[in-house]
Amino acid sequence: MNQFAKPFAAPRKSLGQNFLQDPNIINKIVAALNVQADEVVLEIGPGRGALTDLMLPLANKLHLVEFDRDLAEYWQSRTSSLENLRVHSADILKFDLSVITASEQNPVKVIGNLPYNISSPVLFHLMGYADQIHSQVVMLQKEVVQRMSASPGGRDYGRLSVMLQQRYHIEYLFTVPPGAFFPPPKVESAIARLTPFAEIPHPVKNAELFGQLVKQAFSQRRKTLRNTLKGTLTEEQMALVGVDAGARAETLTVGEFAALANSAASD
Ligand code: SAM
């Protein structure tokens, strides 16, 4: 059924409701998840079903988490005729993914055209379940995807890049113009694929401490580590793991951040 033939209320701006309407883009996003017949998928924010309708025939089971009660009710009403559909009327930021993953044998795939106002919190929330996730294909504001996938040394490289790249292999797949949505957002969007590392290349001893150190290091981008990490690590400790105290956070690799955090953790 065409999504616009369904009886829906006007899009709610407060819930970031920009619905996809370009069939080529919709096909490309679903293809990027590469759903196999025995796989379980979680879709965040199905909305009117642009992605959902395509995935329903592909997935072994499709879980939807939708915050808009009317839309969640609509999808709930469809569960009677679609036996692979499960609906959770919930805020993804408060949703315990293990409700889904605990009952599945294999890691689940996640897809979502995410509400842009909560995109970073959603990514951080999902990171808590990364070991139960096969991969994620998400649509975000283009500049957020640029930051997620940025390399050291550039303007886009920051806390989000380091935190996500420590846990995931990140791919910037393609850009999506405003005209692909109804109503069109003011900004360009992009699709990212995040695949948790089977073996983490730069493991950290204490994830919380790693997070704090990265945040602290980027708190004042123009200052050197000597200043931003004062009280956390001495210059000697930095030198011991091969990091120059006169460097700025934006020049450090994920491996160097991990080494700094691990040396702080062993004290
Ligand atoms: N997937 C649809 C599409 O591509 O057309 C809708 C995408 S729209 C950008 C975002 C969707 O997320 C909306 O359906 C909205 O109601 C839902 N949403 C907003 N905040 C949410 C939250 N905190 N938890 C779960 N869903 C949320």
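Each ligand, and each atom within it, is numbered from 1 in the order the structure gives.
For ligand 1, the atoms closer than 4.0 angstrom to any heavy atom of Gln17 are 13 (C), 15 (C), 16 (O). Near Val65, the atoms of ligand 1 lying under 4.0 angstrom from a non-hydrogen atom of the residue are 25 (C), 26 (N). Proximity to Gly16 (heavy-atom distance under 4.0 Å) selects the following atoms of ligand 1: 8 (S), 9 (C), 10 (C). Each of the following atoms of ligand 1 lies closer than 4.0 Å to a heavy atom of Ala50: 5 (O). The atoms of ligand 1 that sit less than 4.0 Å from any heavy atom of Phe19 are 5 (O), 6 (C). Those atoms of ligand 1 that come under 4.0 Å of a heavy atom in Glu43, given as number and element, are 1 (N). Those atoms of ligand 1 that come under 4.0 Å of a heavy atom in Leu20, given as number and element, are 3 (C), 4 (O), 5 (O). Atoms of ligand 1 found under 4.0 Å from any heavy atom of Asp68 (numbered from 1 in listed order, with element): 16 (O).
Using modelled atom types and a 3.5 Å distance limit, the side chains of Asp68 and Gln17 yield a donor-acceptor pair. Thr232 and Gln216 share a side-chain donor-acceptor pair at under 3.5 Å.
Where the criterion is an N or O separation shorter than 3.5 Å, residue side chain and backbone included, Asn113 meets it with respect to ligand 1. Residue Asp91 places at least one N or O, backbone or side chain, under 3.5 Å from an N or O of ligand 1. Close N/O approach between Ile44 and ligand 1 is not found [any backbone or side-chain N/O within under 3.5 Å].
For residues 153-167, no pair satisfies salt bridge (Lys or Arg N to Asp or Glu O under 4.0 Å), with sequence neighbours left out.
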**Request:** For Phe8 and Tyr74, run ring pair (Phe, Tyr, Trp, His ring centres under 6.0 Å): C-alpha distance rounded to whole Å, both residues' side-chain angles, the deciding distance at 0.1 Å, then the answer.
**Result:** CA-CA 9 Å; Phe8 292 125; Tyr74 163 77; 5.1 Å; yes
**Message:** Go through it in stages, so that I can follow the logic: the residues are Phe95 and Tyr129, the test is ring pair (Phe, Tyr, Trp, His ring centres under 6.0 Å), and I'd like the CA-CA distance, side-chain angles, deciding distance and then a yes or no.
**Reply:** CA-CA 11 Å; Phe95 186 73; Tyr129 302 91; 8.5 Å; no
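The closest approach between a heavy atom of Gly49 and any atom of ligand 1 is not below 4.0 Å. Between Leu93 and ligand 1 there is no heavy-atom distance shorter than 4.0 Å.
Atoms CG and OG, on Leu233 and Ser263 in that order, are 4.5 Å from each other to the nearest 0.5 Å.
Exactly one of Phe218, Tyr157, Phe210 qualifies for a ring pair (Phe, Tyr, Trp, His ring centres under 6.0 Å) with Phe257. That residue is Phe218.
Scored by the salt bridge (charged side-chain N to carboxylate O under 4.0 Å, His left out) test, Asp70 finds Arg12 as partners (sequence neighbours excluded).
With hydrogens and angles ignored, the 3.5 Å screen pairs a side-chain donor or acceptor of His125 with a backbone N or O of Ile92. Listed for the Gln141 side chain is no donor-acceptor partner under 3.5 Å among the backbone atoms of Glu188.
Closest to atom 15 (C) of ligand 1 by heavy atom, among Gln21, Glu66, Arg12, is Glu66. The closest heavy-atom contact to atom 20 (N) of ligand 1, among the options Pro115, Pro46, Ser89, comes from Pro115.
At a heavy-atom cutoff of 4.0 Å, ligand 1 is contacted by the side chain of Ile118 but not by its backbone.
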